[in-house]
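These numbers come from a predicted model, not from an experiment.
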Amino acid sequence: QTLFDNKTGLWSETEVRVKLDSEPFARGGLRVAYHLLDLNEAAAAASQGMPESMSGGSGDDAASERSYVAKMSISETENKDQYFQDVEMQMYVRQWAELFNTCAPPKKVDFVAAALLTLLDRDGQPLCAVESFIEGPYRKHNNNYGYVNEDERNTPQAFSHFTYEASDHTALVCDIQGVGDLYTDPQLHTCDRVGFGKGNLGAKGFAKFLQTHRCNAICRYLRLPPVNAKPQEIDAGTMPATRFMAHQSYSHINVLNVHVPPHVAAQYSDDASAPLLAKHKRHDQPSKDQSAGVLACCTLL
């Protein structure tokens, strides 16, 4: 269990046991998704007298109760740094959600906590990304290159615009997707294009977003500078209770000063990049116990 603190950029680590389904339940363009059971949690549930289906029992009912999903790259040659960048980015973006929520929007947003597992019992000890399984209809609201879903929901689009303004035009959170307003797999553009994976398109990403974004009632409520504003008569999305939020402004954060803390860069890297796999130090691997399921070194956030 490797905990990542998104405020300090520091990692800590323990060990967990997990059980991974043998077959994926979903497949995307880059990764496949498996149901995953945390055996530590299952053992705790069993000790408290919970039903077997919630503590590692067999059968379809047990599978439906599993609360995690593991995402594994289809390509065996994917750079493992990408997994670490994705975790850091998702946890960092949660801070932007917290800042957005302090403005009392009509609907609050959040990002599901991300994780990593190193599967020690598998050949090559592959990495996989792990997060809580989100129940419900999954929707993609925008992407990192200007796409906007045809239903154009107000909250996710306003959140992306908010991050651009609240960062003083140094960052923009996009690729907003998930169930309701609980999101996952975001992308962060930064003006210097440092860190946050290949999807960080920098100024080009900013421009693509601004080309297709249409300010809505929540953008107006947040007092964001208008961009291609929708006429009020056709804005059918979520409406705030008041035209403008109570306070006159929101906190501004220049990401060039915060997204890679200097002491973190000095500790992990010689080139001031985010702390990634190359400098990540793991403890000794635990012994294998096939009867207990797959052992894993986990980044559980």
Side-chain angles (χ1 to χ4, degrees), residues 1-13 26 28-34 36 38 67-73 78-101 108-118 127-135 138-144 155-156 159-160 162-164 166-167 171-190 193-201 205 209 253 255 258-261 264 268 273-277 280 297-301:
Q1 201 180 54
T2 307
L3 302 177
F4 178 71
D5 187 324
N6 58 359
K7 293 181 174 62
T8 66
L10 300 178
W11 301 78
S12 61
E13 188 175 272
L30 299 176
R31 296 184 180 181
V32 291
Y34 298 82
L36 179 142
D38 184 329
S67 57
Y68 295 97
V69 55
K71 302 174 183 179
M72 193 174 300
S73 175
E78 181 178 16
N79 190 332
K80 292 183 178 181
D81 274 10
Q82 186 63 52
Y83 284 100
F84 281 79
Q85 290 184 33
D86 289 348
V87 167
E88 290 185 342
M89 177 162 53
Q90 188 148 323
M91 296 306 293
Y92 176 65
V93 164
R94 295 186 85 190
Q95 293 179 275
W96 287 104
E98 292 170 6
L99 185 60
F100 178 81
N101 293 339
K108 293 185 176 182
V109 305
D110 197 6
F111 288 83
V112 66
L116 291 178
L117 289 175
T118 302
L127 279 174
C128 61
V130 177
E131 60 188 40
S132 296
F133 181 78
I134 310 176
E135 194 72 43
Y138 190 95
R139 300 171 72 182
K140 190 179 186 77
H141 303 290
N142 60 37
N143 71 4
N144 71 331
T155 297
F159 171 71
S160 288
F162 171 83
T163 62
Y164 180 63
S167 68
L172 188 149
V173 180
C174 56
D175 217 1
I176 307 299
Q177 55 194 304
V179 176
D181 290 302
L182 179 58
Y183 307 139
T184 185
D185 292 336
Q187 179 59 55
L188 186 65
H189 296 315
T190 61
R193 296 193 68 181
V194 173
F196 307 115
K198 295 179 180 179
N200 180 359
L201 303 181
F209 171 80
I253 301 174
V255 302
V258 299
H259 79 272
V260 182
V264 175
Y268 287 93
S273 62
L276 302 178
L277 182 63
H280 180 65
C297 168
C298 175
T299 307
L300 191 58
L301 307 169

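Between K71 atom NZ and L30 atom CG the span is 11.5 Å, to the nearest 0.5 Å. We find the SG-CG distance between C174 and L201 to be 7.5 Å, quoted to the nearest 0.5 Å. With values rounded to the nearest 0.5 angstrom, E98 atom CD is found 10.5 Å from K108 atom NZ. For the atom pair N79 CG and F84 CZ, the distance stands at 11.0 Å (nearest 0.5 Å). To the nearest 0.5 Å, the span separating CG on L172 from OG1 on T163 amounts to 4.0 Å. The CG atom of L36 lies 12.5 Å from the CZ atom of F133; values are rounded to the nearest 0.5 Å.
Nearest heavy atoms, A115 versus V87: O-CG2, 3.7 Å. The shortest non-hydrogen separation linking L127 to K80 is CD1-CB, 3.8 Å. Residues H189 and N144 approach most closely at NE2-O, 3.1 Å, considering heavy atoms. H141 approaches G180 most closely through the heavy-atom pair NE2-O, 4.0 Å. In this structure, A129 and R31 approach most closely via the heavy-atom pair CB-NH1, 3.9 Å. Scanning all heavy atoms of the two residues, the minimum distance from M72 to C128 falls at CE-CB, 4.0 Å.
Judged by distance alone, the side chain of Q85 and the main-chain N or O of G197 form a donor-acceptor pair under 3.5 Å. Judged by distance alone, with hydrogens and angles left aside, the side-chain atoms of S160 form a donor-acceptor pair with the main-chain N or O of V173 at under 3.5 Å. Side chain of N142 to backbone of D175: a donor-acceptor contact under 3.5 angstrom is found. Remark: the backbone N or O of D185 is paired with a side-chain donor or acceptor of Q90 at under 3.5 angstrom.
Side-chain contact between V109 and I176 is absent, with no heavy-atom pair separated by less than 4.5 Å. The shortest side-chain heavy-atom distance between D181 and P156 falls under the 4.5 Å cut-off. With a 4.5 Å cut-off on side-chain heavy atoms, L188 and N200 do not count as touching.
For F159, the ring-ring contact (aromatic ring centres under 6.0 Å, His included) partners are F100, F111, not counting sequence neighbours. Partners of F209 by ring-ring contact (aromatic ring centres under 6.0 Å, His included), not counting sequence neighbours, listed by chain and number: H213. Y34 is linked by a ring-ring contact (aromatic ring centres under 6.0 Å, His included) to nothing, counting only residues two or more places apart in sequence or in another chain.
A donor atom on one side chain and an acceptor atom on the other are not found under 3.5 Å apart for D81 and Y83. For the 3.5 Å distance criterion, the side chains of Q82 and D86 qualify, holding a donor opposite an acceptor.
Around NZ of K140, the count of heavy atoms belonging to other residues, nucleotides or ligands within 6.0 Å exceeds 12.
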